Number of protein chains: 2
Amino acid sequence: MPTLNESDQSDGAALVTSRSGKLWSTLAEVCALLRLPVTHAIRADDTHFHHMHYRTGQRIHSAGQPFEMLYVVHGGFLKSAMIDDLGNEQILSFPMRGDVFGVDGMHNRRYGCETVAMSSCDIILVPFKTFTELGKRYSELDVSSYEVLSRHLMAEQARVVSLGSLSAEARVARFLLQLSDRFAQLGFSGRRFNLFMTRAEMGNYLGLTLETVSRTLSAFNELGYLSVDMRAIDILAPEALRTLRRLPPSHQRTARKTAPTGQQ
Amino acid sequence: MPTLNESDQSDGAALVTSRSGKLWSTLAEVCALLRLPVTHAIRADDTHFHHMHYRTGQRIHSAGQPFEMLYVVHGGFLKSAMIDDLGNEQILSFPMRGDVFGVDGMHNRRYGCETVAMSSCDIILVPFKTFTELGKRYSELDVSSYEVLSRHLMAEQARVVSLGSLSAEARVARFLLQLSDRFAQLGFSGRRFNLFMTRAEMGNYLGLTLETVSRTLSAFNELGYLSVDMRAIDILAPEALRTLRRLPPSHQRTARKTAPTGQQ
DNA sequence: CGTACCTTTGACTGTCGTCAAGGACGGTGG
DNA sequence: CCACCGTCCTTGACGACAGTCAAAGGTACG
């Protein structure tokens, strides 16, 4: 598999979905991937987890389908989306290496959303049963697995804040910075990277239209905050992006007594 | 404590924070409150949980504070909010009877948001340590506690969908219906109830301004969908509210191949 | 080489935020 | 009891940000 499709990271994301592709991962490997502490006991554990390989466009699970697995991304890029009753898609997250997805199925034993591969993907399967059993066997793991869920929750909260109170420009800026951080964490360049989603998908994720996203990117380009050529992004002024003024500052008003606004 | 403040539910919410107020709850009681299955073993458990009483305006926990407890609402109404670096408040949820809050602290052992009582509140304290230990002792509980988290997650996802793709009118309508359902679940009237938050707080929660909320409510009143007099709501046409047209239908466009839109 | 999709850009429109004024309610103190 | 105040709610007029509609060029792929 010499070439990846367009969602290939220029730097070397290719190694993530390397040619041979592992078939099994140990518990310790999975923990490391999830940035969880790996104790001796865990390192000694002989549980193995199966890998699955998906290609662009393939669906890993759909909404409503019985919940049996958690999924850990070993490589590749995906999108999780809810499809409402009218068939409208709302993208919830773009899982990538080190992320877990399928979590929302725990509640009523059915997945609440669907997840689709946006590039070649290497996914580790974690049967929910195994997951809970391991939590019981290794107490340190138990707490950790709550953390994984909690992490998800924090991410959603951040989304809510973003959607609820930021201008279109600020949302796009933040999104790019998040991607940048994420890529940097994974060992890629946080400065230069390729978007693996379309403008429409970005807009959908951010609660904007594709036109607004496109215009905003053009504006950033114009201002010299970044350079953009189709999917290729080069972040030039991260600070400028980070400090982009928030929403036309209405929402401040609810915060009165509790938090004296230090700023103008 | 004969009278509750304005957030009192006309029907009889008073009993929720009854005069004496319990001091301790058993594990079985807490599980029941959380709508988790109660097994024999759990019923036999002798762990007891302490209650705390808060009055309007008191803060239960703040952001950044070390995480030690989970909180279960036994009675009363609260709000959880994130305060960003500029002192802007973003309301994340309005916890009420049967809800858990403080969950977002698991991740990095610090609460990510603050929670304030909006009425007299009766809160059950669940030390996180106890929580995880119980999960280990009763395997059925372990799964259940994941469910509690997962439930949270679903709620956040629904919020995201709402904020990302619904018009102001639809957001307000949905919000009212959610409240209605919630009250009905708790044994109050789902039709007639009192809002326990200001317009500003509603707006903040929904990503709108207080003026927009006010105007929207007036419009619904005008249309006969409901009657509103300050905090007092009477839902007259739930169906009309439920089927309010979604956002100026752009976002549909991302959904093409995957989900052929069956509607017009 | 043609088709399908993605992206950009422009012109226009509408929803919702902004600013402002006025009224209702509830608590407090004279 | 009434005046006074702060907070909350409503309504109007206005404007802007972002959505809508449309057209055209670019890129990928068969």
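On a predicted model such as this, the values are computed, not experimentally measured, just so you know. Reminder, nothing fancy here: chain letters follow the sequence lines and each chain counts from 1.
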Which one of A:Leu210, A:Thr198, A:Ile91 satisfies the side-chain contact (heavy atoms from CB on, under 4.5 Å) criterion with A:Asn204? A:Ile91
Any donor and acceptor pair, going by atom type alone, linking the side chain of A:Arg199 with main-chain N or O of A:Met230 inside 3.5 Å? yes
May I ask you to verify if any side-chain N or O of A:Arg231 is less than 4.0 angstrom from the OP1 or OP2 atom of C:dT7? yes
To the side chain of B:Met230, which of D:dA18, D:dC9, D:dG19 is closest? D:dC9
Tell me which nucleotide among C:dC16, C:dT7, C:dT18 gets nearest to the side chain of B:Thr209. C:dT18
Ignoring hydrogens and geometry, is there a side-chain-to-backbone donor-acceptor pair from B:Asp99 to B:Met96 under 3.5 Å? yes
Starting at the 5' end of DNA chain D, which residue's closest nucleotide do you reach first, B:Ser218 or A:Thr212? B:Ser218
Does A:Arg199 have a side-chain nitrogen or oxygen under 4.0 Å from the phosphate oxygens OP1 or OP2 of C:dC5? no
What is the separation between atom CG on B:Asp229 and atom P on D:dT10, rounded to the nearest whole Å? 9 Å
Minimum-distance nucleotide (side-chain atoms of A:Ser214 versus D:dT11, C:dC16, C:dT9): C:dT9
Sequence neighbours excluded and cut-off under 3.5 Å, please list the side-chain donor-acceptor pairs for residues 212-220 of chain A, or say none.
residue  : atom : partner  : partner atom : Å
A:Thr212 : OG1  : A:Thr209 : OG1          : 2.9
A:Thr216 : OG1  : A:Thr212 : O            : 2.6
A:Ser218 : OG   : A:Ser214 : O            : 3.1

Closer to the 5' end of DNA chain D via nearest nucleotide, is it A:Val213 or B:Val213? B:Val213
Give every pair of a protein N or O atom and an N or O atom of nucleotides 10-13 of chain C that lie under 3.5 Å apart, one pair per line with the distance.
residue : atom : partner  : partner atom : Å
C:dG10  : N7   : A:Arg215 : NH1          : 2.9
C:dG10  : O6   : A:Arg215 : NH2          : 3.3
C:dA11  : N6   : A:Arg215 : NH2          : 3.4

Got a donor-acceptor contact below 3.5 angstrom from the A:His61 side chain to the A:Phe101 backbone? no
Out of C:dC16, C:dG17, D:dC8, which nucleotide sits closest to the side chain of B:Ala168? C:dC16
Show, in sequence, the C-alpha distance, side-chain angles and deciding distance for A:Leu195 and A:Leu179, and conclude whether the side chain to side chain contact (heavy atoms under 4.5 Å, CB included) test is met. CA-CA 9 Å; A:Leu195 299 171; A:Leu179 270 187; 3.7 Å; yes
